[in-house]
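Beneath this line is the structure, given in structure tokens, with notes to follow.
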Amino acid sequence: MSDYLFYPGCSMESSAKAYYHSVMSVCKALDVKLNEIEDWNCCGATEYLSLDVTPAYALIARNLALAEQQANGATTVVAPCSACYLNLSKADHYMHENKAFGEKINAALAAGGLHYDPGQLVVRHLLDVVINEVGLDKVKGKVVKPLGGLRVAPYVGCMLPRPDYNSRYSDSEHPYELDDLLKALGAEVIDFPLKTACCGGHMTQIGPATAFELIRRLISSADDYKADVIVALCPMCQMNLDAFQGQVNGYFHTNYKMPILFFTQLMGLAFGEKPENLGFGSEFVSAHEAMKRIGVQTPVPEEAKPARKKPAGLPMPPLRVRAGLKSATGNKEATE
Amino acid sequence: MSAQEKKPKERVGVYICHCGTNIAGVVNVAEVSKWAGENLVNQGVVVSRDYKFMCSSLGQELIQKDIKEQKLTRVVVAACSPHLHEKTFRNACKGAGLNPYLCELVSIREQDSWVHTDKVAATEKAKAIVAGGVSRVVYHEPLIPLKVPIHPATLVVGGGITGIQAALEIADAGFPVYLVEREPSIGGHMAQFDKTFPTLDCSACILTPKMVDVGNHANITMLTYSEVQKVEGYVGNFAVTIKKRARYVKTADCTGCGICWEKCPKKVIDDHFEAGLGYRKAVYTPFPQAVPKYPVIDDINCTYFQKGTCKACEKFCPTNAIDFTQKDEIITVEVGNIILATGWDLFDARRVTNYGYGRLANVFTNMEFERMSNSAGPTGGNIVLRDGKTTPRSVGIVHCVGSRDKNYNNYCSAICCMQSLKFAHLVHEKTGATVYNFYIDIRTPAKAYDEFYQRIIEEGTLFVRGKVAEVTDAARNPGEEGKLIIQVEDTLVGKQRRIPLDMVILSAGLEPRADSKALAKIFGISCSVDGWFIERHPKLDPVATMTEGVYIAGCAQGPKDIPASVAQGAAAAARILGKIQQKEIALEPVRATIHEEHCSGCRICNTMCPFNAILFHEDKMVSEVNPALCQGCGTCVTACPAGAITGTGFSNEQILSQIDGLLLLTLDKKKEAVA
Amino acid sequence: MSKPKFAMYWAASCGGCEIAVLNIHEKILDVDAAFDVVFWPVAMDAKYKDVEAMQDGEITLCLFNGGMRNNENEHIAKLLRKKSKIMVSFGSCACEGCIPGLANFSSIKDVVDTAFTTITTDNPDNLRPQTSYTMPEGIITIPTLNPMLKTLDQVVDVDYYMPGCPPESHQIAAVVDLVIAALNGKAELPPKGATIGAGNSTVCDECPRKRHEKSIKAFGRIQLIHADPDLCLLEQGIPCNGPATRSGCNSRCPVAGAQCIGCYGPAEGVVDYGARLIAAFASVIDSDKPEEIDRILDGLVDPAGQFYRFNLAGSLLRSSKSAQKG
Amino acid sequence: MNEKVIVNDPPSAGPVVHEDLSLLHDVSLLTPGDSHIEMCIQCGTCGGSCPSGSAMNHTPRAIFAMLRAGMRDEVMKSNTPWMCVSCYYCTVRCPQDIHITDVMYTLKNMSLKSKMVQDSTASDFSRTFIHYVENYGRSFEIGLAGIHSVTHLRLAARLPSMAPMALGMLTKKGMSPLPPKHIKGMKDLKKILKRAKELEAS
Amino acid sequence: MTDIPETKPFEPVIIGFTCNWCSYRAADMAGIARMKYAPNVRLIRLMCSGRLDPTFVFKAIAGGADAVLVSGCHPGDCHYSTQNYKAMRRFHLMKRVLTQMGVEPGRLKLLWASAAEGQIFANEINKFVEEVRALGPLNWNKAGIEIPIEAAVEEVKA
């Protein structure tokens with residue numbers, strides 16, 4: 001199996017450690033060799049694009065430039081996060097499609113002694129690699145503990161199948177790749193109507209009411225179909241559905257307890273890896289019950305105890321924050 | 001060395017047309033004709049005139065007079081585009097006893113006065129164009145058009161309403177017609193419909209009489225369950241190879257009593273005539289009024305053909321008309337002209353995944369609905385949900401499914417608006433349900449169409465202006481459980497709406513036949529990018545094609561409704577009748593010929609001809625062009641490495657000397673520049 | 001009575017034509033028997049002044065080979081034209097420029113620079129020949145180069161063309177026979193301007209290789225392809241000029257397993273030899289996709305060289321005629 | 001619940017004053033790739049598809065109509081682009097192949113530069129987020145959530161407190177409360193972004 | 001006609017080849033719609049772009065034209081079904097040879113135009129005329145060429 005340039009993305013080292021560990025374990029099992037891009041930077045999610053086009057693309061392109069430098073033979077960049085995946089491929093796509101734009105971005109990169117030739121690298125999401133490079137047969141071959149009896153809602157989200165610049169997926173609204181994978185693991189896959197609906201994205205931060213509604217739709221729909229768990233393939237989706245589920249319940253006076261897992265966690269289980277090594281237990285809504293149903297013991301997440309320090313005392317003294325914010329607003333000083 | 005340097009001894013007359021002010025307004029015609037008279041003497045010009053309207057009878061007489069008095073052997077007219085008046089001036093020359101092909105019409109209007117403003121430049125260009133024409137015409141040869149007889153029979157491909165109309169028109173005029181239909185019966189899509197807009201008369205009631213006429217017509221040979229495989233020949237003389245699929249029913253003995261399909265144990269989903277909504281047997285006629293009445297055995301599904309036992313039909317057939325041993329039959333027919341009325345396919349609504357067709361039970365297509373609403377259809381005309389019994393209380397009709405959408409088909413399917421309005425009426429009439437129409441624009445541009453729209457509004461149908469974003473079963477708000485929800489922006493309100501419904505009908509668009517490109521190849525015509533056949537002229541020649549003798553009509557040419565299709569069928573028929581009356585047709589003598597002594601048999605030209613006009617003689621090791629098949633494109637002339645092929649009308653000498661002429665001025669200029 | 005006079009001259013050429021003439025074996029004796037050889041610098045000692053001394057049209061048959069590279073060539077061409085009844089443009093160089101004509105791809109300066117500066121030349125002081133030089137004895141001169149190499153018929157009127165590099169000996173023999181017969185009133189000479197000593201079709205006509213309808217997916221140089229000995233070379237992707245090249249050589253090269261390089265020049269009535277090959281080769285490329293077409297064409301290294309190896313000085317674009325026009 | 005989240009007032013019914021017909025052109029110019037925005041046929045597929053449409057004071061379709069009408073101020077003030085969740089439904093469904101999501105980004109950029117943004121919640125969130133990226137090269141969810149809810153109390157107040165969740169982040173997900181380490185190439189990254197901003201301005 | 005004073009811009013002379021069915025009709029269409037374009041192009045009507053012989057192009061250039069326009073039906077729409085593909089193949093090879101002959105590739109243009117595309121036809125002509133104007137008159141004796149010896153050597157090594 002060939003080598004891949006690996007772009008983990010910020011969440012993988014904070015909120016989505018479970019994803020990180022399970023990805024590592026699974027790729028090891030499938031001997032997919034991931035070489036992390038040395039000194040990669042944040043892709044800017046959707047936020048930077050909202051502020052300044054050129055810097056946003058320059059930020060993304062830096063990663064591509066680094067990847068191209070470190071490629072030695074590898075041609076594919078793998079991102080496990082849908083947002084990162086889309087940003088990277090978006091940058092490559094537009095730099096390629098619009099020469100002038102590509103040159104503009106490279107002009108910016110040049111300031112840091114970097115350059116990227118659009119079209120040089122192929123950007124792919126991990127799921128795509130597992131399905132189309134590794135192949136389901138190989139996956140099936142690795143399954144030792146089939147997930148029989150587990151009803152899963154395959155949740156693909158937005159940025160993987162849309163806009164899908166290189167049309168890698170079967171459909172932009174009802175793609176079946178994730179279903180096939182989960183079926184290969186022996187799980188019972190529901191026809192999830194909201195498979196590619198939105199998780200709310202950053203709206204949890206800026207229009208929570210809107211975001212909560214989007215989350216509610218997803219969870220309730222999965223619940224209507226009697227799903228035991230929702231399977232996600234993007235840290236943002238997982239976080240929104242998992243971490244905010246409590247608040248959603250509060251907001252709508254519902255009482256959902258829908259565990260949200262990463263597809264790699266289930267793959268790991270099916271491959272016979274220990275739940276501990278797959279980041280189980282780090283979810284807000286415990287998957288313990290659901291997993292017990294198929295005879296898997298996953299660690300019970302410890303309930304959050306009120307810490308000594310007040311949560312308000314989060315790092316970052318107010319001054320620096322304001323300074324930071326201020327500087328972030330006025331374009332010029334920002335980089336001073 | 002090259003021929004065009006030899007001194008011509010031809011006597012050339014040059015005629016510059018003012019075309020009123022169309023040309024004279026920009027080009028200094030007097031100067032051009034003077035210049036030609038003085039400077040093109042070496043090229044053989046003996047007279048050069050300009051005149052107000054060359055195409056007028058006076059203008060033509062002017063030319064004819066000169067031909068006689070000045071003993072002209074060549075004529076160059078500088079006027080409008082050859083596509084307009086080439087024939088006019090050729091005939092004028094003919095009238096004066098000069099071979100028409102010794103006349104050259106060069107365009108100084110479309111290609112000059114109409115597109116330029118700088119009078120000096122335009123005049124210079126006119127001179128160049130005239131010089132080109134003169135240098136060229138010297139190398140013209142007298143040509144005689146090839147006269148070929150026209151075979152009186154006509155091939156009509158497609159037994160839908162268009163083909164039926166065309167066939168009847170020609171047959172009634174007393175000429176033989178072969179009507180080829182792929183399905184077991186003629187009738188086409190129209191036979192599937194329930195009512196027809198805007199008059200709402202029943203489709204079958206107006207169609208079946210015509211079908212019967214076809215069936216009984218002495219001049220019409222019906223070839224149902226058959227397909228055209230190959231077309232050879234050219235206008236007036238086509239040889240068409242047709243494959244008649246085995247029916248496994250002896251039509252001579254069959255009475256169409258129907259016992260066979262009553263007894264046949266094998267039930268199949270009829271995804272063709274019943275649009276997948278109903279069943280048929282393995283031996284069947286598509287529908288009761290089928291013409292011809294004889295059934296066919298569908299060997300893919302027939303138990304006997306699959307398992308080797310059964311033969312129920314054979315046992316019970318009172319006239320022993322069943323014959324399992326029948327084989328496909330290949331026949332060849334001779335015809336003079338061809339009409340393609342191959343119709344359309346329905347857009348596959350499953351492609352629009354957000355509309356859920358195929359995933360959501362109570363989403364139906366327009367064809368499904370037509371069958372459902374048809375009293376002869378699977379539900380006996382009852383509008384019900386997929387469960388077969390529940391009557392919907394609310395129905396949404398979605399326009400433009402797969403049409404006017406860059407993700408699918410870019411064009412407007414033309415009939416969906418009226419069809420959806422018709423559906424609204426039928427649902428309302430039969431169920432009293434609340435009906436929504438979801439549209440982008442309502443397009444009702446034909447006689448009595450908009451009145452129909454008014455009527456539907458009056459009936460209380462609700463209209464929402466907005467392209468439906470999605471059809472889903474994911475309930476979100478109270479009242480949505482167990483229903484289909486249409487999510488749409490009501491663009492007139494500027495708000496998103498979610499409308500719970502029991503049934504959704506998708507007005508899927510019309511598409512070219514899946515095999516239209518292959519078909520076009522067989523008949524030597526061209527397709528648009530979408531796959532619709534291309535007419536000779538979008539306005540002035542809508543049923544002819546660029547290929548002589550091949551005509552198109554109905555939806556094969558583009559989406560259209562029944563009235564338009566019928567009109568085109570009749571129009572194509574009329575065009576052909578006109579040709580048949582003439583008994584013979586003159587082919588442009590622009591042809592390629594291979595000079596045997598120069599041909600080395602390298603066979604490079606062999607793959608050049610799309611009309612298979614070039615044959616290779618293994619014995620003599622030379623290639624030869626069949627002048628009747630040759631269309632005169634000249635591709636082989638250019639391909640020949642030995643220069644052994646010449647193209648009449650467009651010979652190397654003609655083109656090369658025209659280039660010389662066009663550049664005459666430039667060279668003078670450059671010489672002056674040097675001096 | 002005195003025998004008819006025979007002359008042969010080489011201008012810008014390699015001498016192969018002369019060898020070809022001698023290569024007609026015993027026939028050379030007929031030549032000697034039938035003709036009085038008055039001028040043939042390669043074979044015998046002769047002075048220009050001797051020719052100048054002759055009457056106009058005194059020479060019966062002049063085989064003139066070589067192109068017009070310099071003013072000396074042109075001078076002799078005009079001289080011999082004046083003195084000869086039958087002026088035969090003999091061999092590819094005279095007819096269409098041949099290899100020396102390839103210089104027409106470049107400006108004359110580049111030609112000279114290439115000759116006097118490239119590594120194959122030891123010229124430390126980077127000298128150039130001067131066309132005239134004053135010595136105590138007086139001024140000595142050498143011929144000046146033409147800006148472009150001309151074919152013979154671009155300088156003088158030619159009676160017959162005899163193509164080939166060199167013309168095949170059996171064809172020469174045949175022509176000799178013909179002329180002799182004609183002189184004895186036993187035969188008719190062909191019309192002026194005709195091509196003699198060659199066929200009126202192309203090499204394929206005499207080529208024994210099997211051939212079919214052509215469609216080419218890749219071109220390749222012959223040394224890179226294991227060619228089927230019985231199959232048409234072009235069909236195997238080997239750029240063989242046979243289809244466009246005048247017959248008469250018994251398709252020597254294809255028979256020997258090498259592709260025809262076109263030394264017999266264009267077929268009857270062809271205006272531009274290279275254009276024929278461009279059209280023919282491109283026509284049978286088996287692709288309708290621009291990118292793929294380009295990929296296939298990449299297999300034709302140096303197409304202009306391939307198509308105009310012998311014909312450049314006679315071509316539409318690089319003959320001295322067009323140069324003057326442009 | 002829809003009413004609850006309408007942030008701005010609906011558009012006034014007054015006549016359109018001082019049309020600015022260059023607006024449409026500006027937008028397509030500032031959008032990378034070919035946005036096809038001038039091709040809109042006002043079918044409403046975008047507005048119908050938008051998951052956060054209910055929170056917008058104009059549907060995307062309406063925005064495109066306003067762009068045509070040259071209603072610069074109204075568009076710049078609209079919260080529509082800021083409510084966009086980048087789900088790309090509109091983009092893939094648009095029958096005219098308009099890159100709607102990308103246009104929304106452009107509109108955000110423009111409205112920020114025009115200083116006409118009405119509700120800074122979204123833009124400030126973006127800035128906070130980018131503040132980390134621009135100074136560390138990586139984003140920092142905890143800090144982000146924290147500061148954001150602090151700086152937008154009125155919002156945080158409207159909701160059940162986020163504290164337990166933030167706490168959960170620390171305990172369950174084992175996220176570090178400390179800001180991310182600088183990436184090694186921070187100096188160069190800053191140079192790149194500086195140059196990019198200059199290019200953007202030019 | 002006196003020769004052009006230095007002050008006037010260089011007016012290139014361009015020979016254009018059209019096919020009878022699409023591109024010539026496009027030119028007609030441009031005329032009928034009174035679209036204005038540069039008067040530098042002089043058209044020759046062939047039955048099909050497949051008739052276009054490289055000889056014609058060479059003749060035009062040798063005869064003093066500064067550029068040549070080749071036009072035909074859109075690929076797939078050829079009136080003779082596929083002949084314009086043959087034209088395309090020849091065009092590509094012709095361009096390579098002309099380049100070696102010292103004629104800038106910019107002096108040869110291939111244009112697909114359907115009978116309906118008068119506007120495109122007019123626009124493309126204007127564009128082409130400007131491009132050629134920029135190239136200046138075709139100067140023969142400047143023409144030098146590179147025969148890719150290296151390439152050849154490479155290949156033999158391989």
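Lettering of chains follows the sequences in order, A, B, ..., and the numbering in each one begins at 1.
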Next item on the list: Any chance you could lay out the side-chain contact (heavy atoms from CB on, under 4.5 Å) test for B/V115 and E/R34, step after step, and finish with the verdict?
Entry: CA-CA 6 Å; B/V115 288; E/R34 311 294 201 279; over 6 Å; no
Check: Is the shortest heavy-atom distance from the side chain of E/P54 to the side chain of B/T638 under 4.5 Å?
Finding: yes
Notebook entry, point to check: Given the options B/A121, B/S81, B/A520, B/G632, which has more heavy-atom pairs under 4.5 Å with chain E than any of the others?
Noted result: B/S81
Margin query: For E/Q83, is there any backbone N or O sitting under 3.5 Å from a side-chain donor or acceptor partner on B/T635?
Written below: no
Notebook entry, point to check: Is the closest side-chain heavy-atom distance between B/F650 and E/N20 below 4.5 Å?
Noted result: no
Notebook entry, point to check: Can you tell me how far NZ of E/K59 sits from CG of B/L663, rounded to the nearest 0.5 angstrom?
Noted result: 9.0 Å
Item checked: CH2-SG distance between E/W21 and B/C633, expressed to the nearest 0.5 angstrom -> 11.0 Å
Note to self: Please determine whether the number of non-hydrogen atoms from other residues, nucleotides or ligands lying under 6.0 Å from atom NZ of E/K36 exceeds 12.
What the structure shows: yes
Notebook entry, point to check: Which heavy atom of B/H116 sits nearest a heavy atom of E/Y37, and at what distance?
Noted result: ND1-O, 2.7 Å
Next item on the list: Go through E/L52, E/D53, E/T82, E/V41 and name the one with the most non-hydrogen pairs under 4.5 angstrom from chain B.
Entry: E/D53
Check: What part of E/L43 is in contact with chain B, defined as an atom under 4.5 angstrom from a non-hydrogen atom: side chain, backbone, both or neither?
Finding: both
Check: So which part of E/A38 gets closer than 4.5 Å to some heavy atom of chain B, the side chain, the backbone, both or neither?
Finding: backbone
Item checked: Check ion pair B/E104-E/R45 (N to O, under 4.0 angstrom) -> no
Item checked: Nearest heavy-atom neighbours spanning B/Q111 and E/A27 -> NE2-CB, 3.5 Å
Item checked: Proximity breakdown for E/Y24 and chain B, heavy-atom pairs closer than 4.5 Å -> both
Checklist line | Winner by heavy-atom pair count (cut-off under 4.5 Å) against chain B, out of E/R90, E/H74, E/M29 | finding: E/R90
Check: Side chain, backbone, both or neither: which part of B/N39 has an atom under 4.5 Å from a heavy atom of chain E?
Finding: neither
Margin query: With a 4.5 angstrom heavy-atom cut-off, is it the side chain or the backbone of B/I129 that approaches chain E, or both, or neither?
Written below: neither
Margin query: Heavy-atom pairs under 4.5 Å with chain E - which of B/C636, B/S113, B/P82, B/A592 has more of them than the others?
Written below: B/P82
Next item on the list: Go through the atoms of B/K517 and report whether side chain, backbone, both or neither lie under 4.5 Å from a heavy atom of chain E.
Entry: neither
Notebook entry, point to check: At a heavy-atom separation under 4.5 Å, does B/A639 approach chain E through its side chain, its backbone, both, or neither?
Noted result: both
Margin query: Only pairs of heavy atoms separated by less than 4.5 Å count here; which of B/Q658, B/R136, B/Q654 has the most with chain E?
Written below: B/Q658
Notebook entry, point to check: Are B/N652 and E/T55 close enough that some pair of their side-chain heavy atoms sits under 4.5 Å apart?
Noted result: no
Item checked: E/K86 side chain vs B/M608 backbone, donor-acceptor pair below 3.5 Å -> yes
Item checked: chain B interface, residue from E/I32, E/I44, E/I15 that has the most non-hydrogen pairs under 4.5 Å -> E/I44
Checklist line | E/H79 versus B/T547, closest heavy-atom pair with distance | finding: CE1-N, 4.2 Å
Checklist line | Residue part contacting chain E, namely of B/V590, when any heavy atom lies under 4.5 Å | finding: side chain
